[in-house]
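Worksheet for the structure shown next.
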Amino acid sequence: MEREQLRTMFEQVPEVYDRARPTYPEELFDDLEALAGLGAGARLLEIGCGTGQATLALARRGYTVVCVELGAGLAAMAGRKLAPFPDVEVVNANFEAWEPERAGFDAVVAFTALHWVDPELRYAKPARLLRPGGCLGVGGTLHVQRPGGDSFWVEVQEDYDAVAPSEDNQPPPTPDAVESLREEIEAGGFFEYVAWRRYLWDQPYTADEYIALLDTYSGHRALDDERRQELYRRIRRRIEARPDGRVTKTYLTMLNVARKAG
C-alpha cells in the first residue's frame with residue numbers, strides 16, 4: 001500500500017494505539033531541551049501527535065505546543081488527554097496542507113511521524129515554519145535485536161513467511177546497524193545537523209499485550225482480516241508456549257536534532 005493509505009491506518013484503532021504503543025524515555029526530552037535550547041514557554045509545533053504520548057511530556061515541561069494530527073479519532077483522544085494544559089492546542093488537519101495563524105516556532109518536532117510526511121515537504125515546510133535559529137527534533141523508535149537477545153524475533157519469521165510472505169520479513173537489525181538521519185536531513189540544505197542521541201531499552205509483553213501492539217502497526221492493519229487473524233493466532237500460540245508466556249522486545253529510541261540553516 002502507498003504511504004498516503006498506510007498513514008491513515010492508525011485512525012482505525014485510536015484506543016488500542018493509546019494503550020499499546022510505548023512512550024519515549026524521559027532522557028530524550030532532557031536532550032531535546034538542551035540541544036534545541038528550549039526553555040519554559042518555548043513555542044513548539046508537533047507533527048503527527050497521535051494520541052499525545054510525546055505531547056504530554058512536552059506539555060509538562062511548560063512549552064506552548066500546537067499539534068497537527070491527521071486522524072480525527074487520534075486528535076480527539078489527544079485533545080482529551082491534553083485538556084489540563086491550556087497552552088497545548090490539537091488541530092485535526094493534514095500537515096502538508098495546514099498553515100498556522102502565526103509561524104516562527106522555536107522548534108518543530110515529530111515522534112515516529114515525520115516519515116509519513118510528503119518527502120517534498122518533509123524538511124522544507126518545517127524549516128519555513130521555524131524562526132531563524134529554530135530547531136527540528138525528530139524522535140523515533142525501532143525494534144532491534146541485542147546480541148544474545150530474545151530468540152523469539154528470529155523464530156517468529158516462520159509465521160510471517162507462512163501467512164504474509166514478503167522480502168520485508170526479516171529479523172530486527174542490531175542496534176549498531178541503525179544510522180542517524182544526518183545525511184537525509186542535510187541533503188535538502190534546509191538544516192545544519194546538531195546531534196544524534198540513542199536510548200536502548202527492553203519491554204516485556206504477554207501474548208495479549210503484544211497482539212494489541214501489533215494491531216496498531218500500519219503494515220499489519222493493511223492485511224486482510226483473514227490473514228491478519230491467522231498471523232495473530234500463530235504468534236499468540238508461539239508466545240503462550242514459552243515457559244513464562246512472555247517475549248522481550250528491545251527498542252532503540254533515537255533523537256535527531258538540527259538547526260535551521262542561515
Open item on the list: Please give me the minimum heavy-atom distance between Arg236 and Asp208, naming the atom from each residue.
Closed with: NH1-OD1, 2.5 Å

Open item on the list: Restricting to non-hydrogen atoms, name the atom on Leu32 and the atom on Val109 that form the minimum distance, rounded to 0.1 Å.
Closed with: CD2-CG1, 4.1 Å

Task: Separation between CG of Asn92 and CG of Leu70, rounded to the nearest 0.5 Å - done: 7.5 Å

TODO: May I ask you to check whether over 12 heavy atoms, not counting those of Glu183, lie within 6.0 Å of atom CD?
DONE: no

Open item on the list: Could you tell me if the side chain of Pro126 sits less than 4.5 Å from the side chain of Ile47, heavy atoms only?
Closed with: yes

Open item on the list: How close do Pro173 and Ala177 get, counting heavy atoms only, and between which atoms?
Closed with: CB-CB, 4.3 Å

Task: Heavy-atom closest contact (Ala78 atom, Gly50 atom, distance) - done: CB-O, 3.6 Å

- [ ] Determine whether Glu69 and Phe95 make a side-chain contact, defined as any pair of heavy atoms from C-beta on separated by less than 4.5 Å.
- [x] no

Open item on the list: Taking side-chain hydrogen bond (donor to acceptor under 3.5 Å, both in side chains) as the definition, give me every residue that meets it alongside Glu26, ordered by chain and number, with sequence neighbours left out.
Closed with: Arg61

Task: Residue pair Gln203 / Glu209, side-chain heavy-atom distance below 4.5 Å - done: no

Open item on the list: Applying side-chain hydrogen bond (donor to acceptor under 3.5 Å, both in side chains), can you list everything that pairs with Asp224, at least two apart in sequence or on another chain?
Closed with: Arg227

Task: Heavy-atom check, side chain of Tyr251 versus side chain of Val144, under 4.5 Å - done: no

Task: Residue list, side chain to side chain contact (heavy atoms under 4.5 Å, CB included) with Arg237, at least two apart or on another chain - done: Arg233, Arg234

Task: With Ala93 via side chain to side chain contact (heavy atoms under 4.5 Å, CB included) - residues at least two apart - done: Val68, Val91, Trp98

- [ ] Drop me the distance from His115's NE2 to Arg122's CZ, to the nearest 0.5 angstrom.
- [x] 8.5 Å

- [ ] For residues Asp215 and Arg228, determine if any side-chain heavy atom of one lies less than 4.5 Å from a side-chain heavy atom of the other.
- [x] yes

Task: Counterpart residues, ring pair (Phe, Tyr, Trp, His ring centres under 6.0 Å), relative to Tyr205 (two or more places apart) - done: Tyr210

Task: Audit row: Leu136, Tyr123, side-chain contact (heavy atoms from CB on, under 4.5 Å) steps and yes/no - done: CA-CA 9 Å; Leu136 174 70; Tyr123 296 106; 3.7 Å; yes

TODO: Sorted by first residue and then second, give each salt bridge (charged side-chain N to carboxylate O under 4.0 Å, His left out) pair with at least one member in residues 189-207; sequence neighbours left out.
DONE: Arg146-Asp202

Task: Aromatic ring proximity Tyr160/His220, centre distance under 6.0 Å - done: yes

Open item on the list: Donor-acceptor check, side chain of Asp161 to backbone of Asn169, threshold 3.5 angstrom: yes or no?
Closed with: no

Task: Pairwise distance OG1(Thr64) to CG(Leu58) - rounded to 0.5 angstrom - done: 11.5 Å

Open item on the list: By the definition side-chain hydrogen bond (donor to acceptor under 3.5 Å, both in side chains), identify the one residue from Arg246, Gln145, Arg242 that meets it with Asp150.
Closed with: Arg242

Open item on the list: If hydrophobic clusters are built by linking Ile, Leu, Val, Met, Phe, Trp and Tyr wherever their side-chain heavy atoms come under 4.5 Å apart, do Val154 and Leu252 end up in the same one?
Closed with: no

Task: Sub-4.5 Å side-chain heavy-atom contact between Val65 and Val90 - done: no

Task: Distance-only side-chain donor-acceptor flag, Gln53 / Thr55, under 3.5 Å - done: no

Open item on the list: I'd like to check the side chain to side chain contact (heavy atoms under 4.5 Å, CB included) partners of Ala54; sequence neighbours left out, ordered by chain and number.
Closed with: Tyr24, Phe29, Glu46, Phe111

Below 3.5 Å, can you tabulate the donor-acceptor pairs from side chains in residues 254-262 to any protein atom, sequence neighbours excluded?
{"from": "Asn256", "atom 1": "OD1", "to": "Leu181", "atom 2": "N", "distance (Å)": "3.0"}
{"from": "Asn256", "atom 1": "OD1", "to": "Tyr193", "atom 2": "OH", "distance (Å)": "2.5"}
{"from": "Lys260", "atom 1": "NZ", "to": "Ala127", "atom 2": "O", "distance (Å)": "3.0"}
{"from": "Lys260", "atom 1": "NZ", "to": "Leu130", "atom 2": "O", "distance (Å)": "2.8"}

TODO: For residues Val156 and Ile235, determine if any side-chain heavy atom of one lies less than 4.5 Å from a side-chain heavy atom of the other.
DONE: yes

Task: 4.5 Å side-chain heavy-atom contact, Phe152 and Arg238 - done: yes

- [ ] Only counting residues at least two apart or in another chain, list the ones meeting side chain to side chain contact (heavy atoms under 4.5 Å, CB included) with Pro25.
- [x] Glu27, Tyr199, Trp201, Thr253

Task: Glu186: side-chain hydrogen bond (donor to acceptor under 3.5 Å, both in side chains) partners, not counting sequence neighbours - done: Arg182

Open item on the list: Applying salt bridge (charged side-chain N to carboxylate O under 4.0 Å, His left out) as the test, list every pair that has at least one member in residues 70-91; sequence neighbours left out.
Closed with: Asp18-Lys81

TODO: Show your reasoning for whether side-chain contact (heavy atoms from CB on, under 4.5 Å) applies to Glu99 and Leu129.
DONE: CA-CA 9 Å; Glu99 291 294 335; Leu129 297 179; 4.2 Å; yes

- [ ] Considering non-hydrogen atoms only, spot the tightest contact between Val88 and Leu82 and give its length.
- [x] CG1-CD1, 3.9 Å

Open item on the list: My understanding is that only residues two or more places apart in sequence, or in another chain, count here; which of them pass side-chain hydrogen bond (donor to acceptor under 3.5 Å, both in side chains) with Arg131?
Closed with: Asp106

Task: From CG (Leu45) to CZ (Phe105), nearest 0.5 Å - done: 4.5 Å

